[in-house]
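This is a predicted model, so every value here is computed, not measured.
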Amino acid sequence: MSKVTYQWLISENELSDSFVTSVIGRQLPETFATLLWQRDIRDEEALENFLHPSLEKLHDPFLFYDMDRAIERVQQAIIENQKILIYGDYDADGITSTTILKEALDFLGADVEFYLPNRFADGYGPNQRVYSEKINEGVQLIITVDNGVSGHEAIDYANSVGVDVIVTDHHELPEQLPNAYAIIHPRHPKGHYPFKELAGVGVAFKFVCALLDELVVESLDLVAIGTIADMVSLTDENRILVAFGLQAIRQTERMGLQELIRVSQVVPEELDDKSVGFSLAPRLNALGRLSDATIAVELLTTFDEQKAKTLAQEIDQKNTERKQIVADVFAEASQKINVDNQIHVIVGENWHEGVLGIVAGRIMQQTGKPTIVLTKLVNGVAKGSGRSIESFDLFQTLLPLKELFLSFGGHHSAVGLSIEQNQIDTLQQSLNDYVLTRGIHFTGLPLRIDGTLKIEEATVPFIKSLQTLAPFGMDNRYPKFLFSEIKATDNRLIGAEKNHLKGQLSDGSASLPYIAFQFGSYLTDFSSDNLSIVGELTLNSWNNHVTPQLMVDDYLIKGSQVFDFRSKRQSLPPLNVRESIFISFTEKKIGDKKFQAETIHVRNEEDIAQLKQKSYKEVIYLDCPSDVKLVKKVAQQFKNAHHYLVFEATDDAYLDGLGTREQYKKMYQVIKQQQTLDIRYKLDELANYLQIPKKLLIFMIQVFFDLKFVTINDGILGYVEDVVPTQLEASTIYQQRKQRIDSEMFLQLSDIADLKDWFFS
């Protein structure tokens with residue numbers, strides 16, 4: 001079998017009849033019962049809450065531990081006109097958190113300023129130098145948003161000079177919490193807040209709601225952006241906040257957000273979770289990755305239309321710059337991948353620190369292995385980020401190695417670290433040993449499949465109804481469906497570089513258009529029988545005509561496959577040289593140098609014995625053997641491989657044939673008349689005189705010699721008197737050529753369907 005990258009996970013659940021009845025009773029397709037059940041929506045109350053999010057279901061912000069204490073301290077600061085500093089973060093979550101709190105404090109008349117740390121100058125989280133500078137400027141209260149629970153040193157410093165720090169955060173809690181005035185965190189060890197998965201902006205929003213003693217609906221647009229950007233679980237409160245936040249974005253009155261939507265080329269009425277996740281959030285994140293994120297808060301709070309346009313264009317340009325840097329670093333890093341490493345530690349020179357996490361994530365997606373990408377700094381230190389697959393906790397794996405690091409932090413799937421360059425090899429070896437000694441196997445990234453559909457079920461109304469499950473995100477992914485035992489037809493390459501596929505999927509009774517991005521090199525596979533494909537159903541609009549379409553994620557071909565490349569060897573598809581082998585039956589053919597794969601010569605059954613210890617997924621048959629049975633015996637050694645049939649003829653035996661009796665008679669008469677012929681020099685002249693192709697003439701002479709009709713000494717052909725009359729078929733050479741002709745005709749001229757049947761019979 002063959003598939004691309006992922007480990008398919010197909011959920012098998014036994015649904016309760018009452019739940020199925022409830023789903024159908026709400027005029028939803030029965031398929032939705034499985035989709036909802038897999039999302040832990042399994043009773044009437046959960047179903048109602050999921051399908052109809054309500055702001056009334058948001059939890060009381062005063063359920064947070066320390067909320068009362070924190071609010072009282074802020075109110076005191078406002079009353080006493082104390083200068084307040086909001087200390088944020090440089091990503092989209094931190095930007096939106098900072099903006100929401102700043103607007104609330106401005107509304108209350110507080111003396112407030114904000115600071116977003118610079119990734120390169122300040123690092124992540126509370127920075128003692130910055131705290132000191134701001135305190136010297138008169139700051140008397142610091143409120144962190146989207147950071148702070150690991151800021152022990154900076155917070156201790158603030159305490160030492162009489163400045164209180166209120167921490168609002170959602171990141172992993174350390175074993176020991178900092179000595180802050182108050183810590184607002186959904187997972188506070190002494191707290192009992194009902195929902196633990198709020199983003200930093202969600203925590204800041206609840207803080208603002210408590211501060212203003214009302215539900216601050218005008219901030220929901222920013223809450224949605226920060227929550228989606230931070231990829232937290234879109235369940236419970238987050239689902240409510242994002243659902244209403246997306247509505248708020250579509251009709252936002254923020255000039256800056258309107259301009260950001262415009263430069264992102266998003267249609268406001270069509271804006272959804274994907275628009276935020278793939279268009280708006282990356283632009284906000286690009287600032288912190290490359291420089292200073294401060295202008296993002298200015299964009300989101302400005303009332304100046306011209307300033308909003310200018311800032312939005314500047315942010316868009318930064319995002320364009322970021323994408324190019326990512327592409328360049330990814331290209332270089334990809335060349336450094338060592339497939340033998342269990343966890344990739346990839347090191348480069350002068351790579352931009354701000355994009356290393358993105359690059360690590362892409363390589364992790366490409367290889368299915370956890371990946372750390374580092375860049376060497378001038379001081380002998382390397383700094384970078386790591387990303388991990390769902391089933392492997394990279395943070396806990398690295399924690400015992402923390403003595404190797406100069407700095408280290410993160411969580412299950414993302415880490416940041418710095419390390420002395422002379423310790424990198426030790427890190428790589430330690431990670432390899434960790435994986436190997438524990439018998440861990442990375443079998444590909446998980447691809448969770450929500451259900452199996454027939455092509456006829458993929459209708460426009462069904463696809464539209466999937467929006468009932470929106471907004472989509474972590475723990476509520478857009479559904480992925482499996483279509484089994486189908487065929488792909490009208491397959492064609494598209495895109496400027498011809499690296500995408502487009503065509504139709506068919507099961508014999510219905511068809512479904514598909515598009516497969518970055519699948520161009522798998523064009524041959526898509527011509528296979530018994531194809532299974534997983535993807536997301538979308539709608540394609542063209543000239544006001546809406547049709548279903550499948551966006552392909554992965555495919556599977558069951559069993560061995562045969563592909564026809566006879567007469568078109570030069571168009572062989574890209575091959576995995578580590579898993580490919582060329583088979584030649586004559587030694588005259590070798591595999592193309594461009595593929596750099598091994599070539600094995602198979603002349604008899606003894607040669608086939610050497611194949612028993614081999615394991616290949618792609619077998620390319622370069623030429624034709626004299627005995628077709630050799631082909632079949634080779635195929636039996638690679639029962640699960642893809643078989644590429646080239647079958648070039650080495651001497652065109654089936655085209656020239658065996659020679660007619662008239663041709664043999666005419667040649668015999670010339671030999672008898674001449675008695676001797678110097679075939680070293682007269683062969684071309686003889687072939688021209690007899691009007692017989694030169695290759696065929698050589699074969700006919702060999703037959704005569706085999707039957708002792710002629711002699712050949714030092715290139716001189718001699719006539720033999722009184723030969724015993726013998727049938728041409730008695731010649732071994734004649735029989736061998738006849739067998740080769742039969743082989744070439746069968747292998748080169750048979751219909752591909754018949755050849756496939758013969759291969760697997």
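- Counting heavy-atom neighbours within 6.0 Å of Lys672 NZ, excluding the residue itself, gives a total of 12 or less.
- A salt bridge is defined here as a Lys NZ or Arg NE, NH1 or NH2 lying under 4.0 Å from an Asp or Glu carboxylate O, and Glu685 with Lys682 meets this definition.
- Among residue pairs with one or both ends in residues 490-516, those qualifying as ring pair (Phe, Tyr, Trp, His ring centres under 6.0 Å) are His500-Phe517, Tyr514-Phe526; sequence neighbours excluded.
- Salt-bridge formation is not detected for the pair Glu332/Lys336: no Lys NZ or Arg NE/NH1/NH2 atom is positioned less than 4.0 Å from an Asp or Glu carboxylate oxygen.
- Atom CG in Leu690 sits 10.5 Å away from atom CG in Leu696 (nearest 0.5 Å).
- Using modelled atom types, one side-chain atom of Gln342 and one backbone atom of Asp340 make a donor-acceptor pair closer than 3.5 Å.
- For the pair Arg737 and Phe699, the cation-pi test (distance below 6.0 Å, angle within 45°) is passed.
- Side-chain contact between Ser413 and Phe392: absent, with no pair of heavy atoms (C-beta onward) separated by less than 4.5 Å.
- No more than 12 heavy atoms of other residues, nucleotides or ligands lie within 6.0 Å of CD in Gln265, so this atom counts as exposed by the packing criterion.
- In this structure, Ile533 CD1 and Leu482 CG are separated by 9.5 Å, a value rounded to the nearest 0.5 Å.
- Each of Thr459, Leu453, Val460 was evaluated against Leu537; a single residue qualifies, Leu453, per the side chain to side chain contact (heavy atoms under 4.5 Å, CB included) test.
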Anything under 3.5 Å between a donor and an acceptor, one on a side chain of residues 722-735, the other on a protein residue two or more places apart or in another chain? List them.
residue: Thr726; atom: OG1; partner: Val724; partner atom: O; Å: 3.0
residue: Gln727; atom: OE1; partner: Arg661; partner atom: NH2; Å: 3.4
residue: Ser731; atom: OG; partner: Asp706; partner atom: OD2; Å: 2.7
residue: Ser731; atom: OG; partner: Ile733; partner atom: N; Å: 3.3
residue: Ser731; atom: OG; partner: Tyr734; partner atom: N; Å: 3.1
residue: Gln735; atom: NE2; partner: Glu729; partner atom: O; Å: 2.9

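- Ile363 is listed as a side-chain neighbour of Ile346, based on a closest heavy-atom distance under 4.5 Å.
- Ile343 and Gln428 get closest at one heavy-atom pair: O-NE2, 2.7 Å.
- Using bins of under 30°, 30° to 60° and over 60° for the plane-to-plane angle, the ring pair Phe746/Trp758 lands in the perpendicular bin.
- Remark: Lys274 engages Asp272, Phe278, Glu536 in a side chain to side chain contact (heavy atoms under 4.5 Å, CB included) (not counting sequence neighbours).
- Contact check on Lys454 versus Asp507 returns no salt bridge, with no Lys/Arg side-chain nitrogen under 4.0 Å from an Asp/Glu carboxylate oxygen.
- Considering only residues two or more places apart in sequence or on other chains, Gln748 meets the side chain to side chain donor-acceptor pair (under 3.5 Å) condition with Tyr654.
- For Asp450 and Arg477, the salt-bridge test passes: some basic side-chain N is under 4.0 Å from an acidic carboxylate O.
- Of all the heavy atoms in Cys624 and Ser743, the pair that sits closest is CB-OG, 4.3 Å.
- Tyr719 pairs with exactly one of Phe705, Tyr668, Phe704 by the ring-ring contact (aromatic ring centres under 6.0 Å, His included) rule, that one being Tyr668.
- The shortest side-chain heavy-atom distance between Ile449 and Leu9 does not fall under the 4.5 Å cut-off.
- Evaluation of the side chain to side chain donor-acceptor pair (under 3.5 Å) rule for His643 yields Ser560, Tyr621 as partners, not counting sequence neighbours.
- Under a 3.5 Å cut-off, the side chain of Asn491 and the backbone N or O of Ala488 do form a donor-acceptor pair.
- Remark: Asn604 pairs with no residue by the side chain to side chain donor-acceptor pair (under 3.5 Å) rule, at least two apart or across chains.
- A salt bridge does not link Lys629 to Asp627: none of the charged nitrogens lies less than 4.0 Å from a carboxylate oxygen.
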